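The figures that follow rest on heavy atoms only: side chains count, while hydrogens, waters and symmetry mates do not. Computed from a predicted structure; not experimentally measured.
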Amino acid sequence: QVQLEESGGGLVQPGGSLRLSCAASGFGLDYYSIGWFRQAPGKEREGVSCISKTDGSTFYADSVRGRFTISRDSAKNTVYLQMNSLKPEDTAVYYCAAAAMASVQPMCVLGPTFASWGQGTQVTVSS
């Protein structure tokens with residue numbers, strides 16, 4: 001059974017950092033493009049960052065570019081989202097998704113197709 005599990009969320013002050021993890025079981029993450037998405041109360045889901053299965057190319061939403069970094073650890077079958085310089089507007093539930101599509105921009109902008117999703121982890125940025 002394919003499963004994704006996010007972890008690493010929590011409460012952090014503005015300007016702080018968190019590292020989210022997306023761990024897979026039942027399949028190898030290297031065979032999939034992985035995306036991080038977030039949804040704040042009352043807002044639509046937003047693609048934050050995606051990493052391609054083919055060449056490791058990445059995509060970042062304008063709102064997080066320069067502050068967030070997505071990476072893979074194949075040995076641990078885990079994808080990370082390092083979040084620095086966090087802002088209150090980053091507050092949301094963060095989800096990871098795995099999809100067979102290779103192009104990361106449409107994956108992040110339009111949403112993944114035929115994807116497996118994790119249950120989400122809450123990130124709250126507040127003083």
Side-chain angles (χ1 to χ4, degrees):
Q1 185 177 358
V2 172
Q3 287 188 324
L4 293 171
E5 183 173 4
E6 302 94 338
S7 61
L11 173 64
V12 64
Q13 292 186 342
S17 298
L18 285 174
R19 188 178 75 161
L20 304 185
S21 300
C22 173
S25 59
F27 68 102
L29 275 182
D30 283 353
Y31 296 100
Y32 295 85
S33 294
I34 307 299
W36 283 97
F37 299 82
R38 67 186 181 187
Q39 188 162 23
K43 294 187 176 181
E44 293 188 354
R45 186 185 69 196
E46 175 188 19
V48 175
S49 181
C50 295
I51 185 166
S52 173
K53 67 175 183 176
T54 54
D55 57 5
S57 57
T58 57
F59 173 88
Y60 294 94
D62 289 344
S63 57
V64 307
R65 189 174 293 114
R67 300 188 296 124
F68 290 11
T69 304
I70 191 170
S71 62
R72 290 182 185 268
D73 185 333
S74 298
K76 295 184 178 180
N77 210 27
T78 300
V79 171
Y80 301 101
L81 185 69
Q82 177 67 44
M83 307 188 296
N84 298 329
S85 303
L86 283 161
K87 304 175 181 180
E89 51 263 44
D90 294 318
T91 296
V93 179
Y94 284 70
Y95 301 88
C96 65
M101 56 197 303
S103 298
V104 290
Q105 183 169 348
M107 180 176 179
C108 260
V109 174
L110 302 177
T113 54
F114 305 106
S116 295
W117 291 85
Q119 82 291 346
T121 185
Q122 175 71 46
V123 172
T124 303
V125 185
S126 175
S127 55

(request) Indicate the atoms forming the closest heavy-atom contact of R67 with L86, along with that distance. (result) NH1-CA, 3.8 Å
(request) Write out all pairs satisfying side chain to side chain donor-acceptor pair (under 3.5 Å) with one or both partners inside residues 40-51, taking only residues at least two apart or from two chains. (result) R38-E46, E46-S63
(message) Show, in sequence, the C-alpha distance, side-chain angles and deciding distance for L29 and F27, and conclude whether the side chain to side chain contact (heavy atoms under 4.5 Å, CB included) test is met.
(response) CA-CA 6 Å; L29 275 182; F27 68 102; 3.6 Å; yes
(request) Identify, with sequence neighbours excluded, every residue that meets side chain to side chain donor-acceptor pair (under 3.5 Å) alongside S126. (result) none
(request) Drop me the distance from K53's NZ to R72's CZ, to the nearest 0.5 angstrom. (result) 10.0 Å
(request) Taking side chain to side chain donor-acceptor pair (under 3.5 Å) as the test, write out the residues that go with N77, two or more places apart. (result) none
(request) May I ask whether V48 and V12 are part of the same hydrophobic cluster, defined by side-chain heavy atoms of I, L, V, M, F, W, Y residues being less than 4.5 angstrom apart, directly or through others? (result) yes
(message) So T91 and V123, do their side chains get closer than 4.5 Å, heavy atoms only?
(response) no
(request) Can you sort out the partners of S57 under side chain to side chain donor-acceptor pair (under 3.5 Å), two or more places apart, ordered by chain and number? (result) D55
(message) Are Q122 and V93 packed together at the side-chain level, in the sense that at least one heavy-atom pair is separated by less than 4.5 angstrom?
(response) yes
(message) Applying salt bridge (charged side-chain N to carboxylate O under 4.0 Å, His left out) as the test, list every pair that has at least one member in residues 56-65; sequence neighbours left out.
(response) D62-R65
(request) Nearest 0.5 Å please: distance from the OG atom of S17 over to the CD atom of Q82. (result) 5.5 Å
(request) Calculate, to the nearest 0.5 Å, the distance between atoms CG and OG1 belonging to L4 and T78 respectively. (result) 10.0 Å
(message) Using the side chain to side chain donor-acceptor pair (under 3.5 Å) criterion, which residues pair with T54? Sequence neighbours excluded.
(response) S52
(request) Please round to the nearest 0.5 Å and tell me the distance separating atom SG of C50 and atom CD1 of I34. (result) 9.0 Å
(message) Enumerate the salt bridge (charged side-chain N to carboxylate O under 4.0 Å, His left out) contacts for residues 108-121, please, sequence neighbours excluded, ordered by first and then second residue.
(response) none
(request) Name all pairs fulfilling the ring pair (Phe, Tyr, Trp, His ring centres under 6.0 Å) condition that reach into residues 92-113, sequence neighbours left out, sorted by first residue then second. (result) none
(request) Return the set of residues passing side-chain contact (heavy atoms from CB on, under 4.5 Å) with Q119 (not counting sequence neighbours), or none when no residue passes. (result) E5, E6
(request) Answer yes if L81 and F37 sit in the same cluster of Ile, Leu, Val, Met, Phe, Trp and Tyr residues linked by side chain heavy atoms under 4.5 Å apart, and no otherwise. (result) no
(request) Calculate, to the nearest 0.5 Å, the distance between atoms CG and SG belonging to D73 and C22 respectively. (result) 12.5 Å
(request) Can you tell me which residue pairs pass the ring pair (Phe, Tyr, Trp, His ring centres under 6.0 Å) test with a partner in residues 55-81, sequence neighbours excluded? (result) none
(request) For R19, enumerate each residue passing the salt bridge (Lys or Arg N to Asp or Glu O under 4.0 Å) test, keeping only those at least two apart in sequence or located in another chain. (result) none
(message) Please report the interatomic distance CG(D90) to OG1(T124), rounded to the nearest 0.5 Å.
(response) 11.0 Å
Identify each donor-acceptor pair in which a side-chain atom of residues 96-115 lies under 3.5 Å from a protein atom, sequence neighbours left out, and give them as a table.
none

(message) Using modelled atom types and a 3.5 Å cut-off, is there a donor and acceptor pairing between side-chain atoms of T121 and backbone atoms of G9?
(response) yes
